[in-house]
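Below: one structure, written as structure tokens.
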Protein chains: 2
Amino acid sequence: MDRLLQSVKININEKIYVKDPESSDLGRRIIEESILMIHDMGFESFTFKKLGVKIGSNESSIYRYFENKHKLLLYLASWYWGWLEYQLVFATNSISNPKEKLEKTIEIVTKGTEEDSSFSHINEVLLNKIVINEYSKSYLTKEIDAENKEGYFIIYKRLVTRISDMIKAIDADYPYASSLASTILEGSLHQYFLRDHFPSLTDCHAKNAPTAYFLNLVFSILIPKTK
Amino acid sequence: MDRLLQSVKININEKIYVKDPESSDLGRRIIEESILMIHDMGFESFTFKKLGVKIGSNESSIYRYFENKHKLLLYLASWYWGWLEYQLVFATNSISNPKEKLEKTIEIVTKGTEEDSSFSHINEVLLNKIVINEYSKSYLTKEIDAENKEGYFIIYKRLVTRISDMIKAIDADYPYASSLASTILEGSLHQYFLRDHFPSLTDCHAKNAPTAYFLNLVFSILIPKTK
DNA sequence: ATATAATGATAGTAATGCTATTATATTTGA
DNA sequence: TCAAATATAATAGCATTACTATCATTATAT
């Protein structure tokens, strides 16, 4: 990825954290190590106590950054979607042809993250895997409506809206632009999960196969209509 | 639904339970009330202790049926998918035209469950909502590969395979039959979730709108190719 | 009537998810 | 440069969870 990304700070809703983890060394270590730990042990087994031991700090200190591990997950997910959105906007901004633009977009949001920018403390490859395995848990809760109202999911929603708008730009009459956009994002994560754990339920085995699958899907739906 | 369903017992992998909940009154009450409680309070807040209080029984007695609440969720999900599979086979068995058959299938698996059979102790309407909100949590775990090997997900996998086979029957050359099948099942649950909590991310607002969305999607992809 | 199985009651344990308090560094800015 | 403010660390404590174990009681089946 472009080195420029390094200097861009992903803007995350301040209500998600108690204290901005980007504002201190401890905060950055919390983010850095939590990604490694959640990836290793899964979100359920991950605790602030264990994280404290790992970063040589104290449980109570971590609570000064995040109310609980659910909020930390919301933070990591927001960061990931913000990072993806940045890449998307950066890569498609100059494309004026609507079809090309959507193609590029699908490519970006469905390709697996394979290399770490290795500039920041955030390992994007592992974060992508965390999003695949844990993102649903961040919204499949009883608190979803309240948290949505607080704006904890704006970045994700904005991303879906961007894709939806591009779909509409190609076919203004297609009545399911938002559903299709959300299917691409969600469905892509799901296909990667299936590839790793239920290989018989997917055809996406090769590298970046979800991209080919969704490109075929989307343009089978949209293009014939515009002819 | 047909009254016949009443007499059919959904066959669930014996490893999921310690003692078959269908084999006793207490077992049936565990299933019946757990559905109500998980629907009400969400899977996270639900505990065997609370369930015990609700059914006027003891925590330890419930542990004689299910090792833990995760296994109970696997049981409920398997029952749901088995029930859906039964409906699907029942309704499509006699259809020989591949397109009609897939149409009917999509209709069945994407339509929201609106009425309870009210014959058994299982409330299918609430169970459908539980599947929408909690099913992902049953497989997004670190134990997934071991549990898959134990066969805890066979019914779900069989269902996806059935749909995949029907897709292949229409277009043998379409290279993503399994991915499309899994997208229909998963995506449908997701669209219902979005409808209830992120309405701006979906176009499926009307009753059974996911059915229309997926019918359009699938046949835009498959039919043009066969012409 | 007796053995067997199912259920209920009670207790206990380690871990989790916090909160609170106090002590000790570290930073900063007057 | 020193005091004040701020950040972090250490320790303790508490309610709840997710169990396990034991023993008593109650059906049921032979």
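Reminder, nothing fancy here: chain letters follow the sequence lines and each chain counts from 1.
Within a heavy-atom distance below 4.0 Å of DNA chain D, no residue of residues 133-144 of chain A is found.
Between B:Ile62 atom CD1 and C:dT7 atom C1' there is a gap of 12 Å when expressed in whole angstrom units. We find that CG of A:Leu73 is positioned 13 Å from P of C:dG17, with the value rounded to whole Å. We find that OH of B:Tyr65 is positioned 15 Å from P of C:dA5, with the value rounded to whole Å. Protein atom NZ of A:Lys71 is 15 Å distant from nucleotide atom P of C:dG17, rounded to whole Å. Going from atom CD of A:Glu22 over to atom C1' of D:dA7 covers 17 Å, rounded to whole Å. The OH-P distance, from B:Tyr17 to C:dA6, rounds to 14 Å in whole Å. Between the CG atom of A:Leu72 and the C1' atom of C:dC18 there is a distance of 15 Å, given to the nearest Å.
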Do any side-chain atoms of residues 54-62 of chain B form donor-acceptor pairs under 3.5 angstrom with protein atoms, and if so which ones, sequence neighbours left out?
unit_1  : atom_1 : unit_2  : atom_2 : d
B:Asn58 : OD1    : B:Ser60 : N      : 3.1
B:Asn58 : OD1    : B:Ser60 : OG     : 2.8

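Using a 4.0 Å cut-off between charged nitrogen and carboxylate oxygen, A:Lys149 and A:Asp145 do not count as a salt-bridge pair. With respect to A:Glu22 and A:Lys9, no salt bridge is recorded, no charged nitrogen being found less than 4.0 Å from a carboxylate O.
Heavy atoms of A:Phe66 sit nowhere under 4.0 angstrom from any nucleic acid atom.
Between A:Leu72 and A:Ile31 the shortest side-chain heavy-atom distance falls below 4.5 Å. Looking at A:Leu180 and A:Leu217, their side chains come closer than 4.5 Å, going by heavy atoms from C-beta outward.
For B:Tyr139 and B:Tyr156, the gap between ring centers reaches or exceeds 6.0 Å. Ring pair A:Tyr80/A:Tyr135: centre-to-centre distance not below 6.0 Å.
Side-chain nitrogen and oxygen atoms of A:Lys19 include at least one within less than 4.0 Å of the OP1 or OP2 phosphate oxygen of D:dT8. The side chain of B:Ser24 contributes an N or O atom lying less than 4.0 Å from OP1 or OP2 of C:dT7. At the phosphate of D:dA9, OP1 or OP2 sits under 4.0 Å from a side-chain N or O atom of A:Ser57.
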Expected string for nucleotides 18-30 of chain D under the B/S/- scheme (protein heavy atoms, under 4.0 Å, primed atoms plus P, OP1, OP2 as sugar-phosphate) is SBBB---------
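Residue A:Ala206 comes nearest to A:Arg195 through the heavy atom pair O-NH1, 4.5 Å, listed as atom of the first residue, atom of the second, then distance.
Base-pair partner of C:dG8: D:dC23 (Watson-Crick or G-U wobble, both distances under 3.5 Å).
With C:dG8, C:dA6, D:dA9 as the candidates, the nucleotide lying closest to the side chain of A:Ser61 is D:dA9.
For the pair A:Lys69 and A:Phe43, the cation-pi test (distance below 6.0 Å, angle within 45°) is passed.
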